[in-house]
Amino acid sequence: MFCRNCGSEIDDRAVFCPHCGVATSNEMQPASGKTNTMSVVGLVLAFFFPIVGLVLSIIGLRQCREKGESGRGLAIAGIVISILEIISVIVICIVYAIVIVGILNAAGGGTV
Ligand SMILES: [Zn+2]
């Protein structure tokens with residue numbers, strides 16, 4: 001790779017450029033001000049498309065860990081909201097199913 005400061009070719013594993021002493025991208029960077037995009041998108045989509053939001057939030061959480069970006073809280077919030085929405089959709093479906101079965105049973109019982 002090449003030094004981002006002086007442009008010299010340096011070892012891929014180098015933490016500092018031997019020519020100018022500037023830290024390379026290999027250096028473990030503390031959580032920068034940059035927020036992971038995937039976490040933000042995942043959190044927003046969690047409200048509208050829970051399954052998509054869940055997948056993107058999990059990806060965002062992984063990217064935050066790997067790249068040291070901020071936004072872990074957003075990713076975790078996206079995962080929690082997605083799961084809650086998926087559960088509520090399942091509960092609503094079950095309630096509807098019970099109501100429909102109940103109506104069918106009542107109708108069937110009345111004709112006997
Ligand atoms: Zn350099």
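Counting starts at 1 for both ligands and their atoms, in listed order.
Sorted by first and then second residue, the pairs that involve residues 50-62 and meet salt bridge (charged side-chain N to carboxylate O under 4.0 Å, His left out), not counting sequence neighbours, are R62-E66. Note on residues 78-91: no pairs pass salt bridge (charged side-chain N to carboxylate O under 4.0 Å, His left out), not counting sequence neighbours.
Alongside F2, the hydrophobic cluster contains no other residue (criterion: ILVMFWY side chains under 4.5 Å).
The side chain to side chain contact (heavy atoms under 4.5 Å, CB included) test with L54 is passed by exactly one of L45, I79, I59: I79.
Neighbouring protein atoms of the Zn ion (ligand 1) (N, O or S, distance under 2.8 Å, waters ignored): C3 SG, C6 SG, C17 SG, C20 SG.
A donor-acceptor pair under 3.5 Å links the side-chain atoms of D12 to the main chain of M1, judged by distance alone.
The number of heavy atoms from other shown groups lying within 6.0 Å of CG (L84) is above 12.
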